[in-house]
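Treat the numbers as computed from the prediction; the structure is a model and nothing was measured. Position 1 is the first residue of the sequence, and the numbers go up from there.
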Amino acid sequence: MQASFSFRLLGISAILLAGGIVPARAQVFADAKSSPVDYTKSDLSAKKSCADMEHFKDKDLVEIHAMTVAATAQAPAYCKVTGVISPEIAFEVSLPDKWDGRFYMIGNGGLAGESLEDPGRVSQRNAALTIGLAFAQTNTGHDSRKEPSGSFILSNPEKAIDYAYRAVHVTAVTAKSIAKDYYGKAISKAYWNSCSNGGRQGLLEAQRYPDDFDGIIANSPWVDQTGFTIGAMWNQKALSEAPMTPAKLALLAGKVMEKCDATDGVKDGLIGDPRKCSFDAKKDVPSCKAGADSADCLTPAQAEAVNKVYSGPISNGKRIFPGYMLGSEGLVPAQGGTSNSGWMNVIVAARPDAKPADFNLAEGIIRYLVPTPPKPDYDYKNFDYDHDVHLLDAWGAKADAKNPDLSKFHKSGGKLMMTYGWADPILQPMMGVNYYEQAVAKNGSSTNDFFRLFMVPGMGHCGGGIGTDRFDSMTAMINWVEKGTAPDVLHATRAVNGQVVRSRPLCPYPQEAHYSGQGSVDDASNFRCVQS
């Protein structure tokens with residue numbers, strides 16, 4: 001059986017969960033027949049009964065359960081092993097009756113703690129099992145329904161380390177041991193594929209535990225959790241002092257596209273590389289007359305607030321973290337045939353009494369995970385950008401995935417692929433670009449042999465937006481790991497109502513897709529990858 005991996009839309013409502021952010025798109029498997037990877041080539045079967053797995057022993061296991069799950073229209077029959085790793089790390093390992101020898105694991109959104117039976121996670125499990133992969137996941141050590149946001153640290157400080165990095169590692173090690181015990185054969189290759197916080201988890205695996213995975217795909221990774229937290233507080237302060245309405249965001253989005261669309265050499269409704277466009281909300285958006293405020297203009301305070309979002313936080317006169325890219329504010333399709341700014345409900349609150357998702361997440365970090373002991377009532381308005389930045393250093397040493405030294409991962413034979421949407425309104429894309437460039441500087445000219453970055457014009461957080469957001473990174477990764485075929489291009493599409501309306505090549509950074517000057521701008525064959 002052959003299949004390929006791509007992205008499926010879940011919708012903007014999926015970004016809000018228990019005070020955190022979860023991936024707006026889940027990485028699942030497309031029903032494609034053209035993949036060069038034969039996923040079920042080995043067709044291995046179990047050497048033990050599923051019931052026997054309840055007797056599996058491991059020094060860190062607190063409890064373990066096993067049950068046979070009958071085949072359905074959504075998934076084949078499989079053995080579902082669940083349990084708890086000390087202290088409270090819930091995990092699942094699902095083992096298909098016909099196994100292809102590979103191991104596949106997904107991560108978590110925001111501050112994690114999701115139910116392992118969340119519908120989005122179940123769909124990913126079913127898709128993996130359908131093509132013969134052993135599947136694993138964890139809640140990272142807490143249940144966000146009982147301990148929302150960062151409050152899980154109050155019941156046991158160890159949960160902070162589990163969330164930061166330990167839970168994924170111990171789950172991967174345990175899951176692979178369970179699979180080996182069940183099938184009587186060690187896994188052939190291990191793969192990680194996840195987005196947002198899951199992308200952060202993947203990077204940390206490469207940095208801290210280079211032998212856990214052979215191939216890691218980090219989509220829209222939350223590289224710098226502490227920098228993001230400072231940035232979200234910065235934006236909240238600016239925009240709470242000069243609120244933006246949906247109409248004003250639409251005005252801003254139109255002016256940005258008007259000025260920046262053609263900077264990549266073609267006017268196609270996409271901004272190729274936003275860094276090439278110079279935009280100043282004070283000059284490029286109509287200014288309201290003194291004392292006036294209407295939908296067709298920005299007040300001086302609103303223009304200043306918008307510029308602060310684009311610039312990122314300043315400390316002692318220097319920018320310490322990137323802002324959001326031009327295009328992230330753009331209008332994207334919403335329910336009912338309408339369009340909303342990418343910033344709405346994420347950076348900009350929909351109501352005066354509401355908290356946008358980015359700030360809500362940052363507040364959970366600055367209140368619970370940064371200070372020792374936690375300060376649940378901490379007021380972000382008291383944060384001093386010139387003096388308090390280093391208060392986050394201790395947490396950053398645990399949770400940030402910023403270490404560019406990937407030499408051990410490279411030596412182990414690992415491959416790393418990062419994808420990021422230039423129009424991401426939730427996490428700042430320059431986190432990914434900066435990390436990649438730092439990794440190249442640290443690891444040298446051979447970095448491209450094991451680590452590649454693909455930037456996606458117009459794509460939002462893990463997908464969505466107005467760009468081409470469906471691409472088969474997982475098949476590309478398997479071919480890279482198992483056949484040595486490095487991905488020189490990813491073929492991406494955009495679909496509306498199930499119909500492909502645009503295709504584009506995605507190029508390994510710093511290459512970009514350039515238009516040939518002839519033919520449809522919606523056809524990938526009219527673009528080629530060139531060095532920017």
Side-chain angles (χ1 to χ4, degrees), residues 222-244 248-249 252 255-256 259-260 273-285 287 298-329 341-343 346-349 355-367 369-371 378-397 399-402 420 422-435 437-438:
W222 196 7
V223 180
D224 188 346
Q225 193 175 96
T226 52
F228 163 89
T229 300
I230 294 170
M233 294 189 295
W234 170 269
N235 294 339
Q236 181 70 4
K237 185 177 186 298
L239 291 167
S240 62
E241 294 173 353
M244 293 283 289
K248 286 178 180 285
L249 289 174
L252 173 66
K255 293 301 180 182
V256 169
K259 186 167 185 182
C260 302
D273 183 342
R275 296 175 299 179
K276 296 180 179 180
C277 183
S278 177
F279 186 88
D280 184 344
K282 294 180 179 180
K283 299 176 181 179
D284 297 318
V285 183
S287 298
L298 296 183
T299 67
Q302 289 166 341
E304 177 66 22
V306 167
N307 282 345
K308 285 184 176 180
V309 174
Y310 290 134
S311 74
I314 304 296
S315 176
N316 295 305
K318 296 181 180 180
R319 187 170 73 166
I320 57 171
F321 189 71
Y324 287 86
M325 306 308 293
L326 295 167
S328 61
E329 75 301 302
S341 166
W343 288 4
V346 178
I347 299 174
V348 176
K355 295 178 181 179
D358 269 11
F359 173 67
N360 205 27
L361 180 57
E363 193 171 54
I365 294 169
I366 198 69
R367 287 180 167 182
L369 302 178
V370 168
Y378 179 79
D379 186 348
Y380 83 100
K381 296 187 181 77
N382 294 326
F383 189 84
D384 186 321
Y385 293 90
D386 288 338
H387 300 98
D388 293 346
V389 169
H390 292 293
L391 295 178
L392 287 77
D393 288 353
W395 176 245
D400 290 347
K402 297 191 297 182
Y420 233 118
W422 273 123
D424 195 324
I426 294 179
L427 298 179
Q428 297 87 335
M430 288 305 296
M431 275 196 283
V433 174
N434 290 342
Y435 177 74
E437 292 180 341
Q438 290 160 10

K.L.:
CG of L361 to CD1 of I366: how many Å apart, nearest 0.5 Å?
P.N.:
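Here the rounded value is 12.0 Å.
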K.L.:
Output, in order, the C-alpha distance, side-chain angles, deciding distance and verdict of side-chain contact (heavy atoms from CB on, under 4.5 Å) for L392 and F383.
P.N.:
CA-CA 11 Å; L392 287 77; F383 189 84; 3.8 Å; yes
K.L.:
Sequence neighbours left out, what passes side chain to side chain donor-acceptor pair (under 3.5 Å) with K259? Give chain and number order.
P.N.:
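If we apply the side chain to side chain donor-acceptor pair (under 3.5 Å) test to K259, skipping adjacent residues, the hits are D284.
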K.L.:
Report yes if the side chains of Y420 and V433 come closer than 4.5 Å at any heavy-atom pair, otherwise no.
P.N.:
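Y420 vs V433: side chains apart.
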K.L.:
Measure the shortest side-chain to side-chain distance between E329 and Y324 over non-hydrogen atoms and say whether it is less than 4.5 angstrom.
P.N.:
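Sidechains of Y324 and E329: no contact.
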K.L.:
Any chance you could lay out the side-chain contact (heavy atoms from CB on, under 4.5 Å) test for S240 and F359, step after step, and finish with the verdict?
P.N.:
CA-CA 11 Å; S240 62; F359 173 67; over 6 Å; no
K.L.:
Nearest heavy-atom pair of P243 and E241: which atoms, and what distance?
P.N.:
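Smallest heavy-atom distance, with atoms named: CD-C, 3.7 Å.
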K.L.:
Distance from W222 atom CH2 to I426 atom CD1, nearest 0.5 Å?
P.N.:
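Rounded to the nearest 0.5 Å, the CH2-CD1 separation comes out at 11.0 Å.
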K.L.:
Are any of the side-chain heavy atoms of P313 and I320 separated by less than 4.5 Å?
P.N.:
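The answer is yes; the side chains approach within 4.5 Å.
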K.L.:
With rounding to the nearest 0.5 Å, note down the distance linking CG in D379 to CE in M233.
P.N.:
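These two atoms lie 10.5 Å from each other.
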K.L.:
Nearest heavy-atom pair of G327 and A423: which atoms, and what distance?
P.N.:
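Shortest heavy-atom separation between G327 and A423 comes out as O-CB, 3.7 Å.
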K.L.:
Are the ring centres of F228 and W395 closer than 6.0 Å?
P.N.:
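Judged by ring-centre distance (under 6.0 Å), F228 and W395 do not meet the cut-off.
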K.L.:
Grab the two heavy atoms, one from D424 and one from P429, that are nearest each other, plus how far apart they are.
P.N.:
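Scanning both residues, the minimum pair turns out to be CB-CG, 4.0 Å.
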K.L.:
Under the rule for side chain to side chain donor-acceptor pair (under 3.5 Å), what residues qualify as partners of N382, not counting sequence neighbours?
P.N.:
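None.
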K.L.:
Among residues at least two apart in sequence or on other chains, which ones pass ring pair (Phe, Tyr, Trp, His ring centres under 6.0 Å) with W234?
P.N.:
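Residues passing ring pair (Phe, Tyr, Trp, His ring centres under 6.0 Å) with W234: Y385.
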K.L.:
With the side chain counted from C-beta on, respond yes when K402 and V223 share a heavy-atom pair under 4.5 Å apart, and no when they do not.
P.N.:
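With C-beta onward as the side chain, the pair touches.
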K.L.:
Hey, could you give me the CE/CG distance between M244 and L239, rounded to the nearest 0.5 Å?
P.N.:
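Spacing of CE (M244) from CG (L239) equals 7.5 Å.
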K.L.:
Flag the pair Y310 / V256 as yes when at least one side-chain heavy-atom distance between them is below 4.5 Å, and no otherwise.
P.N.:
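They are in side-chain contact.
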K.L.:
So, using salt bridge (charged side-chain N to carboxylate O under 4.0 Å, His left out) as the criterion, who are the partners of R275 when residues are at least two apart?
P.N.:
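Once residues adjacent in sequence are excluded, the partners of R275 under the salt bridge (charged side-chain N to carboxylate O under 4.0 Å, His left out) criterion are D273.
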K.L.:
Which heavy-atom pair separates L249 from S341 by the least distance, and what is that distance?
P.N.:
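Taking every non-hydrogen atom into account, CB-CB, 3.7 Å.
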K.L.:
Could you work out, with ring pair (Phe, Tyr, Trp, His ring centres under 6.0 Å) as the rule, every residue matching F321, not counting sequence neighbours?
P.N.:
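With neighbours one apart ignored, the set is empty.
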K.L.:
Are any non-hydrogen side-chain atoms of D224 and T226 less than 4.5 angstrom apart?
P.N.:
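Of all side-chain heavy-atom pairs linking T226 with D224, at least one is under 4.5 Å.
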K.L.:
NE2/H387 to CG/N316 distance, rounded to the nearest 0.5 angstrom?
P.N.:
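These two atoms lie 6.5 Å from each other.
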K.L.:
How long is the span from the NZ atom in K276 to the SG atom in C260, to the nearest 0.5 Å?
P.N.:
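Reported to 0.5 Å precision, the distance equals 12.5 Å.
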K.L.:
Which atoms form the tightest heavy-atom contact between P322 and M430, and what is the distance?
P.N.:
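The answer is CB-CB, 3.6 Å.
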K.L.:
Using the test ring pair (Phe, Tyr, Trp, His ring centres under 6.0 Å), find all partners of Y378 that sit at least two apart in sequence or belong to another chain.
P.N.:
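Not a single residue meets the ring pair (Phe, Tyr, Trp, His ring centres under 6.0 Å) criterion with Y378.
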K.L.:
Could you tell me whether the side chain of K237 reaches within less than 4.5 Å of the side chain of K381, counting heavy atoms only?
P.N.:
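No, every pair of side-chain atoms sits at 4.5 Å or beyond.
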K.L.:
Looking only at heavy atoms, what is the nearest atom pair of I347 and P356, with distance?
P.N.:
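Looks like O-CG, 3.5 Å.
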